[in-house]
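What follows is a single structure, written as structure tokens, with notes after it.
Worth knowing before you read on, the calculation uses all heavy atoms, side chains too, and leaves out hydrogens, waters and symmetry mates. In what follows, every chain begins at residue 1, and chains take the letters A, B, ... in the order their sequences are listed.
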Amino acid sequence: MNTATAQEYLIAVALVLVAVSATAAALARDPVRQAVLLAVLGLCLTVLFTLLQAPDVALSQLAVGTAVTPLLILLTVRKVRRGTAAHHEPDGRGQEGGDES
Amino acid sequence: MNAWLLATAVLLTLGMPPCVWAAGRGSAVERLAGLNLATTVVTVVLLLTAQGFDRSSFADLGLVLAVLGPAGTLVFARFLGGRSIEAPDTRRTHGKA
């Protein structure tokens with residue numbers, strides 16, 4: 001098995017991994033779980049770009065897809081849920097205060 | 001095909017599918033374990049690729065991922081754990097006490 005065949009095999013495996021993780025990320029309904037799968041998808045895309053001899057694209061994909069995008073999603077989810085909890089706050093406060101005291 | 005690319009192929013074929021599978025089921029905290037394992041496996045794959053293609057510039061990717069991976073896991077753990085710790089009733093209790 002020469003180097004070109006090995007390279008094509010590696011690219012095929014990376015493509016399958018990208019397809020599987022992207023499908024799983026698209027099928028996940030909870031945004032928090034989707035953020036974890038998006039990080040895995042970023043890792044698989046990094047491997048694919050590296051095997052396609054594009055290390056600079058892989059470096060930017062690594063920084064954006066693995067770190068920034070899940071962080072933004074988690075921040076957004078926390079902000080939205082906190083706003084929803086503050087919206088329903090008068091109902092929960094009396095019950096919780098009564099339970100705690 | 002040298003031994004480095006062979007090791008890359010073996011690790012990418014046998015190592016990554018369990019990580020994707022672990023990251024695709026269970027609760028968010030259980031998925032975090034799959035993500036952490038995938039970060040480690042991808043770091044090794046990138047370093048092996050740098051050796052196999054005989055391009056030392058590819059090693060920077062592995063080094064960047066080695067820095068970003070644990071930091072990202074810490075960020076995930078902070079937000080996932082903070083959601084249950086900083087639930088609205090718990091925060092108000094701490095605020096009163």
Is chain B contacted by the side chain of [X], its backbone, both, or neither, given a heavy-atom distance below 4.5 Å?
X: A/Ala58; value: both
X: A/Ala25; value: neither
X: A/Leu17; value: side chain

Under a 4.5 Å cut-off applied to non-hydrogen side-chain atoms, are [X] and [Y] in contact?
X: A/Leu51; Y: A/Gln7; result: no
X: A/Pro70; Y: A/Gln34; result: no
X: A/Leu37; Y: A/Leu41; result: no
X: A/Val80; Y: A/Val77; result: no

Among B/Leu6, B/Val29, B/Val20, B/Leu32, which has the most heavy-atom pairs under 4.5 Å with chain A?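 Looking at each option in turn, the highest pair count goes to B/Val20.
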If you count heavy-atom pairs under 4.5 Å between each of B/Leu5, B/Thr39, B/Thr13 and chain A, which one has the most?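 Highest number of heavy-atom pairs under 4.5 Å: B/Thr13.
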Which atoms of [X] come close to chain A, meaning under 4.5 Å heavy atom to heavy atom: side chain ones, backbone ones, both, or neither?
X: B/Arg25; value: neither
X: B/Leu61; value: both
X: B/Thr8; value: both
X: B/Leu35; value: both

Is there a continuous path of hydrophobic side-chain contacts, each under 4.5 Å between heavy atoms, that joins B/Met16 to B/Leu46?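 They do share one cluster, since a chain of ILVMFWY contacts under 4.5 Å joins B/Met16 to B/Leu46.
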For A/Asn2 and A/Thr5, test the side chains for any donor-to-acceptor distance below 3.5 angstrom and give the result as yes or no. yes
If every non-hydrogen atom of B/Thr49 is compared with every non-hydrogen atom of B/Val45, which pair is closest and at what distance? OG1-O, 2.6 Å
